[in-house]
Amino acid sequence: MEKINSLAVVGAQWGDEGKGKVIDYLASRADVVARFQGGNNAGHTVVYGANIFKLHHVPSGIINAGTLCLLGNGMVVDPLVLVEELTELEKRGIDTSNLRISGKAHLNMVYHKDLDEENEKLLGEKKIGTTGRGIGPAYADKIMRRGIRAIEMIDLERFRERLAGILPLQNRILKEIYGHAGYDLGRLIELYRPAIEKLGPMVTDGSQVLFECLNAGKKVLFEGAQGALLDIDHGTYPYVTSSSTVAAAAATGNGVGPQLVRQSLGVIKSYTTRVGEGPFPTEDHFEAGEQLRERGNEFGTTTGRPRRCGWFDSVIARYAAMINGLTGLAVTKLDVLSGMDTVNIAVAYRCGEVEIKNFPQSIEELKECTPVYETFPGWDEDISRVRSLKDLPAAARHFLNAMEESVGVKIELVSVGPDRSQTIIGQNSILESWIGHNQ
Ligand code: IMP
């Protein structure tokens with residue numbers, strides 16, 4: 001069997017697919033876990049024994065002693081929140097000394113959060129429904145070439161100088177457009193001083209570190225955040241996040257060549273959820289949607305917002321497979337479907353008189369689409385203790401086969417509960433080599 005030493009794990013829906021659990025499972029066999037986009041808009045819940053960790057910036061691999069965790073250049077990092085996360089982990093006995101931050105990552109500052117909130121207020125009914133973490137404004141500043149990069153944290157004076165050059169413009173925008181009081185340079189420096197002292201020594205040349213690790217045959221997991229439909233280019237624009245969430249971004253967001261990202265595993269729920277605004281063809285406003293929300297505990301890790309819920313949508317999944325070049329699927333939360341009388345898969349959309357199988361480019365068209373469902377019998381058995389595909393109820397296996405066929409990508413992993421142990425590896429899965437490699 002082919003040995004794989006690098007793997008991107010990405011969300012194949014609108015985020016919240018259960019990437020944290022899958023990544024945690026795979027990260028326990030990785031030498032390096034590298035994030036490549038997003039920031040603390042992400043919320044990964046990792047359950048390990050009796051411990052529940054809610055991580056925002058920090059890769060799930062931090063829980064494994066000896067795994068190097070890297071925040072890549074494609075990320076926007078909030079130093080204040082990152083320090084809180086590290087402090088919480090340290091309090092619970094986790095060694096965080098293996099975290100590194102690419103000097104080219106951008107800093108998400110307090111004023112970005114203000115701008116995010118104020119923007120949303122101004123948009124009113126047309127708001128994006130962001131997480132309010134400052135993500136969009138931080139990326140906007142990066143593109144406008146007025147951001148502060150993590151490298152500035154290696155020295156407080158460098159940080160002060162860069163901030164002093166930028167703050168007058170930020171204050172003008174805050175005051176004149178949004179009527180905000182703005183910020184005083186001295187106070188901001190004092191606010192950031194402890195974070196800079198703690199994080200400065202963690203700043204590194206991320207590309208160089210990764211390049212050397214990959215060339216030495218170390219196992220590198222690229223940890224995606226959000227999902228395909230939230231991608232800035234390929235998602236349901238403008239109801240998207242501000243970064244590239246697809247597997248190709250694992251290369252650009254870390255500064256390594258695309259050929260070094262060998263496999264891309266798409267994490268996909270056995271139903272669909274979305275938080276925030278924007279079209280969602282299989283959203284169910286009735287009993288099924290409510291049942292999925294309650295059984296699946298579909299409330300945001302970062303904001304606590306109830307998630308919108310509906311059936312599995314293979315139009316989206318095929319699209320996600322295409323734009324990511326998915327080489328495998330990791331299906332999560334199959335256990336949540338236990339007890340449903342019947343289960344649905346959207347196999348196409350009806351758009352006026354026509355039936356379409358490909359995901360439309362514009363949300364105007366998407367808004368007009370209604371799902372064409374294929375219905376399958378449900379199953380009643382509790383499957384949370386099942387550890388092999390053959391031990392699943394026949395109806396659950398049938399449903400998985402239908403998912404696989406409708407997407408055209410092999411299911412490599414199935415998750416039947418939040419714990420690491422509640423994981424089934426598919427037959428002849430490429431992941432066997434990943435899992436076996438270090439044992
Ligand atoms: P932002 O990333 O905070 O700018 O939010 C933009 C959109 O992405 C909103 O619809 C958010 O709800 C959504 N979003 C951002 N991060 C996540 C995530 O980790 N899971 C699910 N949705 C997210």
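Since the structure is predicted, the reported quantities are computational estimates derived from the model, not experimental observations. Each ligand, and each atom within it, is numbered from 1 in the order the structure gives.
A salt bridge links R307 with E298; the closest basic N to acidic carboxylate O contact falls under 4.0 Å. A salt bridge is absent between R133 and D116; no separation between the charged side-chain nitrogens and carboxylate oxygens falls under 4.0 Å. Residues E117 and K113 are paired through a salt bridge, judged by an N-O separation under 4.0 Å between the basic side chain and the carboxylate. Ion pairing of E152 with R158 is present here, as a side-chain N (NZ or NE/NH1/NH2) and a carboxylate O approach within less than 4.0 Å. Here E90 pairs with K198 in a salt bridge; the nearest charged N to carboxylate O distance falls below 4.0 Å. Contact check on E190 versus R193 returns a salt bridge, with a Lys/Arg side-chain nitrogen under 4.0 Å from an Asp/Glu carboxylate oxygen.
Contact between A42 and ligand 1 is present, with at least one heavy atom of the residue lying under 4.0 Å from the ligand. Residue-ligand proximity: R305 is placed with a non-hydrogen atom under 4.0 Å from ligand 1. The shortest heavy-atom distance from A225 to ligand 1 is not under 4.0 Å. Ligand 1 has Q226 within reach: a non-hydrogen atom of the residue lies less than 4.0 Å from it.
Backbone and side-chain nitrogen or oxygen atoms of R133 are examined, and none is located within less than 3.5 angstrom of a nitrogen or oxygen of ligand 1. In terms of polar-atom proximity, N41 is counted as a contact of ligand 1, with an N or O under 3.5 Å from an N or O of the ligand.
Residue, atom and distance of the protein heavy atom nearest to atom 11 (C) of ligand 1 are G129 O, 3.5 Å. Of all protein heavy atoms, the one lying nearest to atom 5 (O) of ligand 1 is T130 CA, 3.3 Å. Looking at atom 10 (O) of ligand 1, its nearest protein heavy atom turns out to be V275 O, 3.4 Å. V240 O, 3.7 Å is the protein heavy atom nearest to atom 7 (C) of ligand 1. Summary of contacts: the protein heavy atom closest to atom 3 (O) of ligand 1 is T131 OG1, 2.6 Å.
Checked against a 6.0 Å centroid threshold, the rings of H180 and Y183 count as neighbours.
When H56, E223, H57 are each tested for a side-chain hydrogen bond (donor to acceptor under 3.5 Å, both in side chains) with H44, only one passes: E223.
Near W14, the atoms of ligand 1 lying under 4.0 angstrom from a non-hydrogen atom of the residue are 21 (C), 22 (N). Taking a cut-off of under 4.0 Å to the non-hydrogen atoms of D16, the atoms of ligand 1 that pass are 20 (N), 21 (C).
Panel note: side chain K219, backbone L214; no donor-acceptor pair is recorded below 3.5 Å.
Between atom 14 (N) of ligand 1 and the options T241, L230, I232, the minimum heavy-atom separation is to L230.
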